[in-house]
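Here the structure is laid out as structure tokens; the discussion comes afterwards.
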Amino acid sequence: MKTDIVTEKVVKGKKIYIVENHHEVIIPWSEYASNNETAPVLLTFDHHIDTRSAFGRHSRKVAGLEWKPVRDQLIADVDINESSAIASSLERLCNDEHIDFALQTGMISDAVVFSLLNAGICRDYSNSKIYYIDPCCTSKCKKSSHDDECQIDVYDKVIEGEELLFKLNKINKFIPGFFVSNRINKKFILDIDLDCFHTKKAINAVDMSVFNYLVNNAEIVTIATEGYYVELEKKDDDINEHYLLEKLLAHIENALERTEGNKSFKFPKSNNTKELIAIS
């Protein structure tokens with residue numbers, strides 16, 4: 001593990017990896033993949049979709065219009081079991097290209113992107129293993145057309161329990177059986193870009209129960225601090241990457257401490273996710 005790029009924390013046995021630039025998560029992702037036979041699903045929270053073609057910009061710079069064969073060869077040359085190959089890939093990989101890279105090299109089986117660009121609930125047009133769960137408003141909105149107030153509501157509720165529960169159920173459209181009876185049935189990586197938190201209200205969610213479930217059941221957790229994009233996208237002036245990281249790590253630690261030795265949750269039949277309790 002390149003400790004000059006990746007900071008590793010272990011909380012109650014859960015490995016958490018922190019990077020500055022989002023594409024650097026391929027280091028911990030590759031390490032996980034090299035030690036496990038089954039490729040996990042990626043669940044990533046991000047303002048952006050981060051689904052550009054792996055090595056696309058480097059290959060265009062090298063070969064112009066004939067860039068695709070160059071890109072294909074670069075991908076074919078990657079051995080995810082070799083740290084030197086991952087380090088070499090990082091020299092050519094650009095921001096937003098890590099998801100496609102991980103899919104093309106078999107690090108992950110599918111990618112579910114919880115973005116905030118109003119992409120909708122759909123499959124990526126160029127990669128059938130990428131799915132966007134990005135509705136234009138919250139699940140309870142009844143407006144016929146959505147406005148700025150709706151957008152702020154979406155930003156504020158990015159990890160609120162009721163909205164996460166709604167979004168998790170939508171994944172079944174693309175990965176049948178992924179979330180059944182309020183339980184995720186596949187291994188997954190939880191990945192969080194701090195630029196998904198636009199407001200103080202967003203990072204200080206009222207109902208953390210579903211997020212806690214994700215933290216407890218993730219194989220690993222990766223976090224990209226992305227200070228530049230936090231500053232660019234934030235709606236509250238008094239937040240920054242340091243504030244958001246401190247709050248997020250506190251949430252993660254709290255989630256793991258509250259359910260130490262117990263990774264299962266009981267989801268209520270009602271819509272009030274505050275009623276979630278751990279199964280003892």
Looking at [atom1] of [X] and [atom2] of [Y], how far apart are the two atoms once the value is rounded to the nearest 0.5 Å?
X	Y	atom1	atom2	value
H251	N204	NE2	CG	5.5 Å
I184	F179	CD1	CZ	6.0 Å
T225	I192	OG1	CD1	12.5 Å
L43	L168	CG	CG	7.0 Å
Y243	L248	OH	CG	11.5 Å
F211	L190	CZ	CG	5.5 Å

When you measure from the side chain of [X] to the backbone N and O of [Y], does any donor-acceptor pair fall under 3.5 Å?
X	Y	value
N217	Y213	yes
E231	Y228	no
R92	S88	yes
E8	K15	no
D236	I239	no
K170	D134	no
S53	G56	no
D207	E160	no
K234	D237	yes

Result for side-chain contact (heavy atoms from CB on, under 4.5 Å) between F114 and one of D191, D46, I171 points to I171
Residue among P69, S59, S89 satisfying side-chain contact (heavy atoms from CB on, under 4.5 Å) with L74: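 Testing each of P69, S59, S89 against L74, the sole residue satisfying side-chain contact (heavy atoms from CB on, under 4.5 Å) is S59.
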Side chain to side chain contact (heavy atoms under 4.5 Å, CB included) evaluation trace for L103 with I130: CA-CA 9 Å; L103 286 166; I130 298 174; 3.4 Å; yes
Between [X] and [Y], is any pair of side-chain heavy atoms under 4.5 Å apart?
X	Y	value
D50	T44	no
E24	W29	no
E97	H23	no
Y132	I121	no
W67	H58	no
S128	R123	yes
K167	P135	yes
L90	I26	yes

Mind checking whether Y155 and H198 have parallel, tilted or perpendicular rings, split at 30° and 60°?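 Ring orientation of Y155 relative to H198: parallel.
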Derivation and outcome, side chain to side chain contact (heavy atoms under 4.5 Å, CB included), residues L256 and V215: CA-CA 7 Å; L256 294 168; V215 169; 3.9 Å; yes
Hey, are K68 and D72 close enough for a salt bridge, meaning a charged N less than 4.0 Å from a carboxylate O? no
Please determine whether a side-chain nitrogen of the Lys or Arg among K200 and D238 lies less than 4.0 Å from a carboxylate oxygen of the Asp or Glu.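 The answer is yes: the pair qualifies as a salt bridge.
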Could you walk me through whether E257 and N254 pass the side-chain hydrogen bond (donor to acceptor under 3.5 Å, both in side chains) check? CA-CA 5 Å; E257 285 183 346; N254 182 59; over 6 Å; no
Closest non-hydrogen atom pair between [X] and [Y], with its separation:
X	Y	answer
V210	G161	CG2-O, 3.4 Å
N216	A255	ND2-O, 3.2 Å
L244	L194	CD1-O, 3.5 Å
H98	V25	CD2-CG2, 3.9 Å
I49	L117	N-CD1, 4.0 Å
E163	T138	OE1-CA, 3.5 Å

Assess the side chains of [X] and [Y]: does a donor N or O sit below 3.5 Å from an acceptor N or O?
X	Y	answer
N118	Q151	yes
D77	Q73	yes
Y131	D110	yes
S126	D124	yes
N21	N95	no

Using the side chain to side chain contact (heavy atoms under 4.5 Å, CB included) rule, take L249 and I18 through it: C-alpha gap first, then chi angles, then the decisive distance, then the call. CA-CA 10 Å; L249 290 175; I18 304 166; 4.1 Å; yes
Would a line drawn from the ring center of F55 to the ring center of F101 be shorter than 6.0 Å? yes
Side chain to side chain contact (heavy atoms under 4.5 Å, CB included) between R57 and D96: does it pass, once the steps are laid out? CA-CA 11 Å; R57 278 166 281 184; D96 300 350; 4.0 Å; yes
Same cluster for I203 and I152 if Ile/Leu/Val/Met/Phe/Trp/Tyr side chains link at under 4.5 Å?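 Linked within one cluster.
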Taking a hydrophobic cluster as the set of Ile, Leu, Val, Met, Phe, Trp and Tyr residues connected by side-chain heavy atoms closer than 4.5 Å, whether directly or through intermediates, do F166 and F188 fall within one such cluster?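 Different clusters: F166 never reaches F188 through Ile, Leu, Val, Met, Phe, Trp or Tyr contacts under 4.5 Å.
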Evaluate the ring-ring contact (aromatic ring centres under 6.0 Å, His included) criterion for residues H48 and Y229: first the C-alpha distance (whole Å), next the side-chain angles of each, then the deciding distance (0.1 Å), finally the verdict. CA-CA 10 Å; H48 309 92; Y229 290 105; 5.2 Å; yes
